[in-house]
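Predicted model, so just to flag it, every value in this text is computed and none were measured. The sequence lines fix the lettering, A, B, ..., with proteins before strands; numbering per chain opens at 1.
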Amino acid sequence: MEHGQTEDLNDLMRRRREEYHELQQHGVQPYAYEFPVDAEAQEVLASFSDDDPQRDVAVAGRIMTIRRMGKASFTHIMDHTGKLQIYVKRDEVGEDSYKMFKLLDIGDIVGVRGFVFRTRTGEVSVHAKEIELLAKSLRPLPVPKEKTDEDGNKVVYDQFADKELRYRKRPLDLILNPSVKDVFIKRSQLIRSMRQFLDGRGYIEVETPVLQPLYGGAAARPFVTHHNALDMTLYLRIADELYLKRLIVGGFHGVYEISKDFRNEGMDRNHNPEFTMMELYVAYKDYRWMMELVEEMLFTINKAVNNTNSAVVGGEEIDFTPPFRRLSMFDSIKEHTGEDLRGKDEAELRAAAKRLGVELEDSDGPGKIIDEIFSERVEDKLIQPTFITDYPLELSPLAKKHRTEQGLVERFELYINGQEIANAFSELNDPIDQKERFVEQASLRARGDDEAMTFDEDYVETLEYGMPPTAGLGIGIDRLTMLLTGAESIRDVILFPTMRPEK
RNA sequence: GGGGCUGUAGCUCAGUGGUAGAGCAUCUGCCUUUUAAGCAGAGGGUCGAUGGUUCGAGCCCAUCCAGCCUCACCA
């Protein structure tokens, strides 16, 4: 795709290449080897004092604006902390340097040595004594114009706002829309804080296979690949669950993994084919214990990211202060629809769905009907953090039967802002029960449900050695990031979201 | 997969059938504290692609490609 690009150079790019050669002819190396930076934009601005205006600094960054006025010019450079104005005067930097400077463009990266001062119009700037080209930019950078109006509001003209281009050309997006970087800094803080939380409790971070001979642990269609030397089909993991629980059998008391999972399904605002999941398994604990851990973890993480007890999403303020509300699935449906589905058979459930205007497939069993009603009528009303507990058994082939409620499993999902953020259960550790569940899944698959779980004999065999009671948890990192940063699309929290190739 | 919208200069966008436009960016000239700097001038286009209708298509029609929004399914 990049071959032959020299033929397609438009005038702007041709011009920059000419400048590149011209600079070389004047003995200027267009790509320097290093520059000893000793100050950053934000800090220079913050620490300036009119009483002591002669501080010398060496700063470096990308040229974002240039205003040339004959024998003197102003330029803004941007480093990783922000923008800083540079004053370049011919009589100060010298004739050769000023000639070099005139060959520079928006997008070029420069190093500047000079002293900090305040201009006549009041902007703290660096008065350049030396300016040095560090990297020539050969492609035009669509830098938007900015103005600060009388009320101090920043007005941006010709913003780089095309979503397709922003996702395809993320480096440009990061340069031109600096607030994008904040989201990914927060994402990093989120993951770091989660690790600290889990490490602090002594859980071990592990790595399990991405390439799996059998995929499992969730209901989803996989990506399929092939290993040449073994001549076998391998699947990209859809979840880590079964491997992590093997490690609990192996004697780890608590393991977690922050992993990329892959699901071969539709893409939209909430789904990317590859996404990041944290899964945690802790021996001798159940799902009730896990609720408390989740509350505490999310409160801690949000505090680390947003420095408050809450986050704002879509105009709603989400309060992360524990404890979160706990509500059984049946009670949540009763609360939001008036229908009490407890103990109802399939015909009664279908009648309730009809009353509520929830459409069903003929093949939907009782568990699926309850889930449909919940999804349609309850889910999006759960704005503040709410644990929905005790799910129908058919929907949860890896969860343990409820200790008192017939037909249910000990499972919870945490809903925040109408979205599922966490999924957890008391893990099924009875190998005989587990085998029966897999058989049930296999029959669903035979009936054409291609999201039904595959029968993992090796996993059942592992359970037969004995797995302690275990609590398991999965948290979607991308969605949690969306929640904590107020992002509206998963593509805004993934640096390089999956895109169809151009052309 | 269904529905809606979009694709024109490097960027943001006008352009309802008759010689492709604006602002910014770029280039030339002037300008030594400017800040959407300013003034004067210049260059820049396979109008997403292919086919069709027409004397004539950026515009109308069809198909395709890509994207966004939305609904359905999924974390």
Side-chain angles (χ1 to χ4, degrees), chain A residues 8-16 18-19 64-76 83 85-93 98 102 105-107 117-125 127 137-149 154-169 172 176 217-221 238-239 261-279 359 361 371-372 375-376 413-415 419-423 449-451 474-480 482 488-491 499-503:
Chain A
D8 323 326
L9 293 182
N10 64 40
D11 280 355
L12 297 178
M13 288 170 62
R14 205 175 295 126
R15 177 68 209 167
R16 288 184 179 222
E18 285 164 14
E19 286 165 352
M64 300 304 282
T65 63
I66 307 179
R67 291 176 293 282
R68 301 184 207 273
M69 296 163 304
K71 298 178 185 65
S73 302
F74 286 91
T75 173
H76 274 101
K83 289 181 190 167
Q85 183 170 255
I86 310 292
Y87 178 53
V88 186
K89 187 163 71 162
R90 191 193 64 180
D91 292 350
E92 186 73 44
V93 299
Y98 200 71
K102 281 163 105 173
D105 290 295
I106 286 172
F117 76 117
R118 191 187 290 279
T119 65
R120 197 181 290 162
T121 51
E123 181 164 347
V124 174
S125 308
H127 187 123
S137 167
L138 296 178
R139 275 178 192 272
L141 194 64
V143 175
K145 289 282 186 177
E146 287 176 10
K147 180 173 84 170
T148 307
D149 68 16
K154 197 191 267 185
V155 188
V156 183
Y157 300 85
D158 298 339
Q159 192 158 24
F160 184 69
D162 183 305
K163 285 188 179 170
E164 177 187 355
L165 279 175
R166 288 186 47 210
Y167 299 140
R168 284 192 193 280
K169 312 234 179 256
L172 288 191
L176 301 171
R221 294 200 299 274
I238 59 172
D261 291 352
F262 306 86
R263 298 189 187 174
N264 207 338
E265 291 168 350
M267 297 162 55
D268 62 27
R269 188 174 42 182
N270 291 310
H271 298 85
N272 196 63
E274 58 178 289
F275 63 102
T276 305
M277 177 93 106
M278 192 286 293
E279 290 192 40
E359 286 182 30
E361 303 288 331
D371 188 51
E372 285 290 330
S375 304
E376 293 273 326
E413 292 190 343
L414 173 64
Y415 283 87
Q419 275 217 331
E420 181 194 334
I421 292 296
N423 180 20
D449 181 352
D450 54 5
E451 291 189 344
I475 292 185
I477 299 293
D478 310 279
R479 291 199 177 168
L480 184 59
M482 287 170 67
E488 286 176 1
S489 166
I490 198 166
R491 289 179 159 184
M499 301 285 284
R500 221 182 278 264
E502 284 180 282
K503 288 172 190 174

Partner nucleotide, any strand, of G7(B) [Watson-Crick/G-U, under 3.5 Å]: C65(B)
Sugar-phosphate, base or nothing in reach of Q85(A), heavy atoms under 4.0 Å: base
Ring geometry between Y87(A) and F117(A) (parallel below 30°, tilted from 30 to 60°, perpendicular above 60°): tilted
Sugar-phosphate, base or nothing in reach of N264(A), heavy atoms under 4.0 Å: nothing
Shortest side-chain distance from T121(A), nucleotide among U32(B), A75(B), U34(B): U34(B)
Side-chain donor/acceptor of D478(A) to backbone N/O of I490(A), under 3.5 Å: no
Proximal nucleotide (of C27(B), U34(B), A25(B)) relative to the L12(A) side chain: A25(B)
Aro-ring/base stack F74(A)-A37(B), d under 5.5 Å, angle under 30°: no
Worked verdict on R67(A) versus T75(A) for side chain to side chain donor-acceptor pair (under 3.5 Å): CA-CA 6 Å; R67(A) 291 176 293 282; T75(A) 173; over 6 Å; no
R68(A) vs U34(B): side-chain N/O to OP1/OP2 distance below 4.0 Å: no
Interatomic distance, T119(A) atom OG1 to Q85(A) atom CD [nearest 0.5 angstrom]: 6.0 Å
Complement of C39(B), any strand, by Watson-Crick or G-U distances under 3.5 angstrom: G29(B)
Whole angstrom value for the distance that separates C1' of U35(B) from NZ of K83(A): 11 Å
Pair assignment for G1(B), Watson-Crick or G-U wobble, requiring both distances under 3.5 Å: C71(B)
Distance between C1' atoms of C47(B) and A42(B) (Å, rounded): 23 Å
Separation of atom CG in L141(A) from atom P in C24(B), rounded to whole Å: 18 Å
A72(B) versus G17(B) - spacing of their C1' atoms, nearest Å: 41 Å
Touch class at under 4.0 angstrom, heavy-atom based, for R263(A) against every strand present: base
Whether R263(A) side chain and I238(A) backbone form a donor-acceptor pair below 3.5 Å: yes
Distance, P atom - from U28(B) to G44(B), rounded to whole angstrom: 16 Å
CD/E488(A): more than 12 non-hydrogen atoms of other groups inside 6.0 Å: no
Nearest to side-chain heavy atoms of M69(A), which nucleotide of U26(B), U35(B), C31(B): C31(B)
Nearest-Å distance once atom P is located in both A40(B) and A22(B): 15 Å
Closest-nucleotide ordering on RNA chain B, the 5'-leading residue of P142(A) and D371(A): P142(A)
U34(B) OP1/OP2 closer than 4.0 Å to side-chain N/O of R67(A): no
Nearest-Å distance for atom pair CE/C1', residues M64(A) and U34(B): 18 Å
Sugar-phosphate, base or nothing in reach of Q419(A), heavy atoms under 4.0 Å: nothing
Nucleotide C69(B), atom P - distance to CG of N270(A) in whole Å: 11 Å
Of the listed nucleotides U34(B), G10(B), A75(B), the one nearest the side chain of E420(A): A75(B)
Length of the line joining E123(A):CD and U34(B):P, which is rounded to integer Å: 12 Å
Separation of the P atoms in G41(B) and U53(B), to the nearest angstrom: 46 Å
Test item: R479(A) side-chain N/O and N270(A) main-chain N/O as donor-acceptor pair under 3.5 Å: yes
Gap between atoms OH and P, on Y98(A) and C31(B) respectively (whole Å): 11 Å
Nearest-nucleotide pick for R120(A), side chain only, options being A25(B), U33(B), U35(B): U33(B)
Of the listed nucleotides C27(B), U32(B), U34(B), the one nearest the side chain of R90(A): U32(B)
Distance, P atom - from C64(B) to U16(B), rounded to whole angstrom: 27 Å
Closest-nucleotide ordering on RNA chain B, the 5'-leading residue of I421(A) and T65(A): T65(A)
Sugar-phosphate, base or nothing in reach of E19(A), heavy atoms under 4.0 Å: sugar-phosphate
Integer angstrom distance from the P of C59(B) to that of G7(B): 12 Å
Sugar-phosphate only, base, or nothing, as touched by E372(A) at under 4.0 Å among non-hydrogen atoms: sugar-phosphate
Euclidean distance for P, G51(B) against G15(B) (whole angstrom): 28 Å
Out of U34(B), A25(B), A75(B), whichever nucleotide has its closest atom nearest the side chain of S125(A): U34(B)
Separation of atom OH in Y167(A) from atom C1' in C69(B), rounded to whole Å: 12 Å
Minimum-distance nucleotide (side-chain atoms of T119(A) versus A25(B), U34(B), U28(B)): U34(B)
Between P of G67(B) and NZ of K169(A), the distance in whole Å: 14 Å
Spacing of I421(A) atom CD1 and I477(A) atom CD1 [to the nearest 0.5 Å]: 10.0 Å
U54(B) pairs with, by Watson-Crick or G-U criteria that keep both distances under 3.5 Å: none
